[in-house]
Each structure stands twice: as C-alpha cells, then as structure tokens.
Protein chains: 2
Amino acid sequence: MSAAPSVPNFGCTCARMRKLTRRLTRIYDAHLAAQAIKVTQYSLLANAAAGERTLSELAAELEMDRSTLSRNLAPLAAQGWVEISVGADSRSRSISVTAAGRRKLKAVLPLWRKAQCEIESLLGTKSVGTLHQDIEHALAALPMLSGKRA
Amino acid sequence: MSAAPSVPNFGCTCARMRKLTRRLTRIYDAHLAAQAIKVTQYSLLANAAAGERTLSELAAELEMDRSTLSRNLAPLAAQGWVEISVGADSRSRSISVTAAGRRKLKAVLPLWRKAQCEIESLLGTKSVGTLHQDIEHALAALPMLSGKRA
DNA sequence: CGCGTATAGGTGTAGTTACACCCATATGCT
DNA sequence: AGCATATGGGTGTAACTACACCTATACGCG
C-alpha cells in the first residue's frame with residue numbers, strides 16, 4: 001500500500017507522529033499530574049540529572065533549540081529543581097540538578113513507571129520495542145537540521 | 001533488552017516520540033518554508049479541506065483540544081485560507097476551506113511531496129511503512145483521553 | 001594590546017498544545 | 001412558558017517549540 005504519496009493527510013509521517021505524540025503526552029501527563037509535573041519537564045529533569053553540562057551541550061543532546069531549552073528550564077528553575085549558574089566560560093550557563101530536583105525525580109519515578117507500563121500493556125511489549133527501534137532508526141537516518149546549519 | 005523500564009530517559013516512549021517529532025517537523029518546515037507555511041498548518045488545512053465540519057467535529061478527528069484547534073485556525077483564517085462561520089446551531093462554528101485555501105493547498109503539495117520523498121528515501125520506504133503501521137497500531141490501542149473524560 | 005570574528009545565551013515574535021473556567025445557546029422536563 | 005442542565009466555543013494562563021536578531025564574552029591574529 002501507499003505506493004506514491006498522493007494523499008497528504010493520511011500519508012504524512014509528520015502529521016501522524018504529531019497526532020500520536022499528542023495522545024502519548026496526554027496519557028503521561030495524566031499519570032504525572034498527581035506530582036504536578038509534566039512529562040516534558042520530567043524528561044528534561046531526568047536528562048539534566050545525567051550530569052552537569054552547559055545549556056548548549058544539553059540542547060544538542062535533546063536536539064532542541066537553545067532558546068527553547070532556555071525557556072523550558074525556567075519553570076524547573078522556578079521550582080528549585082535545577083540551578084543555572086555561570087560556567088567557566090562566562091558566556092556559558094552550567095545546568096545542574098539540585099538536591100530538591102533529585103528528590104522530585106525519585107518521587108515522580110513510580111508515576112512515570114505506571115504510565116510507561118500502561119503504554120506497554122496496551123500496546124504490547126513487543127510493539128513498544130519495534131516502535132522504539134523504528135524511532136531509533138529514524139533518528140539515526142534523518143539529518144538533525146538543528147539550530148544553525150553546519 | 002529493556003526488560004523492565006528502569007532508565008526513564010532512554011526508555012520513555014513519549015520523550016523519544018517528541019524528539020523525533022521535533023526533528024521531522026523541522027525537516028518538513030524547511031521544505032515548506034518556500035511557501036511560507038508550516039507543516040502543522042498545511043496538515044490542518046488539508047484536513048479541513050476534506051469537508052465542511054464544525055470545530056468540535058474537526059477537533060475530534062484530529063484529537064486536538066477544541067481551544068487548540070480554535071487557535072490553530074486563527075492564522076489560517078487570517079490568511080484567508082479557511083472561513084469560520086456560524087453553524088446551524090448558532091453556538092457552533094462551521095469550518096470551510098476557501099478557494100484561496102484550495103489554491104494554497106495545490107501550491108504547497110509539491111513541496112510537501114518533496115519533503116515526504118526525502119523522508120522516505122532517507123529512511124527507506126519499508127521503514128516508513130512499518131513506522132506508519134506502528135503509529136496506526138498505537139493510535140488504535142491507546143485511549144484518546146481527549147478533552148473531557150467520558 | 002587591539003581589532004575582527006566566532007560563540008553562548010537571551011529576547012522578540014509567532015505558532016502549537018492543553019486545562020480550567022466562562023458565556024451563550026440549545027434542550028429537556030415540568 | 002420557565003427553569004435546570006447540557007453543550008459549543010472562547011479566554012486566561014501556562015508551557016513547548018523555533019527562527020531571527022541582539023548582546024556580551026572569548027579567541028585569534030597582527
């Protein structure tokens with residue numbers, strides 16, 4: 001099926017991805033609501049907890065515009081979960097997760113796990129696996145196009 | 001691999017989806033930029049072109065919050081691509097694509113096609129197929145959770 | 001040392017997304 | 001007819017996303 005892409009709506013990979021992303025985000029957010037945190041924030045916090053890095057480094061990892069990351073960090077900083085300090089290079093900002101941030105991560109983890117388990121039980125562990133593989137394959141094959149070209 | 005979901009970042013389906021969605025959106029947007037339209041807007045316009053419907057009906061199809069759709073339609077209406085008129089039920093709004101909107105769709109289609117073809121050639125037609133299948137499967141299996149519960 | 005350029009972040013602007021809440025209208029029941 | 005309730009949309013608020021552009025700092029070269 002779908003020999004040539006002629007019907008945009010049904011065949012648009014981006015639109016489909018976005019639709020599923022909306023659905024997934026709502027499901028995760030519903031689970032995490034009890035801890036008053038969104039899946040986007042939890043994910044960002046968890047990434048930041050992997051080690052202190054500059055804003056640019058973290059943005060590159062997440063393939064997110066630096067300005068986007070800057071703004072997404074703001075609510076986390078406001079809650080005291082991350083600290084944004086001036087780095088060695090005084091132009092740069094060093095992002096680190098605070099003790100409160102680590103406590104928050106611990107508190108949210110079981111809720112995230114429940115969400116993830118729900119997804120896996122609804123989709124089947126196997127399906128989730130292939131979905132992850134597909135995503136990984138796409139991330140490996142597609143150009144990043146992030147921020148500035150070259 | 002990934003027996004039990006213990007490492008949130010790497011195993012979070014939502015985070016992975018969001019990351020790939022960011023990447024895809026940037027790629028499509030780069031192609032569509034020549035026609036000064038975003039893939040989200042093009043997709044919405046194409047959906048709306050399938051037939052005149054109320055805002056709620058369209059929102060249900062797209063699984064988008066009604067307020068979200070309302071706001072996403074605003075720029076399209078501002079460009080004169082869609083018309084938002086009062087429906088039979090005077091509380092409702094009827095969304096229809098204008099002649100200009102259809103012309104726009106025609107003009108953008110080749111750009112969208114180029115984007116979609118680039119994706120398919122980078123990923124492989126087969127991979128895109130399985131990705132679409134996985135997405136479809138997920139959309140069929142996961143609860144909508146949209147708007148108001150029940 | 002000083003100047004030109006490159007780099008790190010922030011701001012302005014704009015669009016995407018959703019929840020809570022409000023207003024207006026429609027509907028149903030008495 | 002009249003009131004209670006349900007439903008369709010809009011607004012307020014807040015977060016996510018990115019591009020263009022600006023500022024400040026760093027770095028390299030003469």
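Letters A, B, ... mirror the listed sequences (proteins, then strands); counts begin at 1. Computed from a predicted structure; not experimentally measured.
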Notebook entry, point to check: So what does T25(A) hit on the nucleic acid, given a heavy-atom distance under 4.0 Å: a base, only sugar-phosphate, or nothing?
Noted result: nothing
Check: Atom CZ of R66(A) to atom C1' of dT11(C): distance rounded to whole Å?
Finding: 13 Å
Next item on the list: In whole angstrom, give the distance that lies between atom CG of L58(A) and atom C1' of dC16(D).
Entry: 15 Å
Check: Ignoring hydrogens and angles, are the base of dA8(C) and the side chain of S56(A) linked by a donor-acceptor pair under 3.5 Å?
Finding: no
Note to self: Among residues 27-40 of chain A, which ones have heavy-atom contacts with DNA chain C below 4.0 Å?
What the structure shows: none
Next item on the list: Return yes if the base of dT7(C) and the side-chain atoms of R91(A) contain a donor-acceptor N/O pair under 3.5 Å, otherwise no.
Entry: yes
Next item on the list: Could you check if a side-chain atom of R93(B) sits within less than 4.5 angstrom of a side-chain atom of V86(B), using non-hydrogen atoms only?
Entry: yes
Margin query: Whole angstroms only, please: what is the CG-P distance between L69(B) and dA18(C)?
Written below: 10 Å
Item checked: Min side-chain heavy-atom separation T130(B)-T130(A) under 4.5 Å -> no
Margin query: Check whether R22(B) reaches the backbone of L62(A) with its side chain - one donor and one acceptor, N or O, closer than 3.5 Å.
Written below: yes
Next item on the list: From the options R113(B), E118(B), Q116(B), select the one residue that forms a side-chain hydrogen bond (donor to acceptor under 3.5 Å, both in side chains) with H31(B).
Entry: E118(B)
Next item on the list: Return yes if a side-chain donor-acceptor contact under 3.5 Å exists between S92(B) and T54(B), otherwise no.
Entry: no
Item checked: R71(B) (side chain) and dG12(D) (base): donor-acceptor pair under 3.5 Å -> yes
Next item on the list: Under 4.0 Å between any heavy atoms, over every strand shown, what does N72(A) touch: base, sugar-phosphate, or nothing? Just pick one.
Entry: base
Checklist line | Value in whole Å for how far the P atom of dA18(C) lies from NZ of K19(A) | finding: 12 Å
Checklist line | Rounded distance in Å - CE (M144(B)) to P (dA18(C)) | finding: 13 Å
Item checked: First of T54(A) and L73(B) reached from the 5' end of DNA chain C, by closest nucleotide -> T54(A)
Checklist line | Nearest-Å distance for atom pair CG/C1', residues D65(B) and dG8(D) | finding: 12 Å
Item checked: R16(B) side-chain N/O to L131(A) backbone N/O, donor-acceptor pair under 3.5 Å -> no
Next item on the list: Check whether any side-chain N or O of Q41(A) sits under 4.0 Å from OP1 or OP2 of dC16(D), and answer yes or no.
Entry: yes
Next item on the list: Would you please confirm or rule out a distance under 4.0 Å between OP1 or OP2 of dG10(C) and any side-chain N or O of R93(A)?
Entry: yes
Next item on the list: Would you indicate what S92(A) reaches in the nucleic acid, counting non-hydrogen atoms under 4.0 angstrom: base, sugar-phosphate, or nothing?
Entry: sugar-phosphate
Margin query: With nearest nucleotide decided by heavy atoms, which residue, D89(A) or S67(A), maps closer to the 5′ end of DNA chain C?
Written below: D89(A)
Notebook entry, point to check: Any donor-acceptor pair under 3.5 Å linking the side chain of N72(A) with the backbone of Q41(A)?
Noted result: no
Margin query: From CG of L44(B) over to P of dT16(C), roughly how many Å is that when rounded to an integer?
Written below: 8 Å
Margin query: Given dT17(C), dT25(D), dG9(D), identify the nucleotide with an atom nearest to the side chain of R22(A).
Written below: dT17(C)
Item checked: Separation of atom CG in L76(B) from atom C1' in dT16(C), rounded to whole Å -> 12 Å
Item checked: Separation between CZ of R26(B) and OG1 of T21(B), rounded to the nearest 0.5 Å -> 11.0 Å
Item checked: First encountered from the 5' end of DNA chain D, between S90(A) and T68(A) -> T68(A)
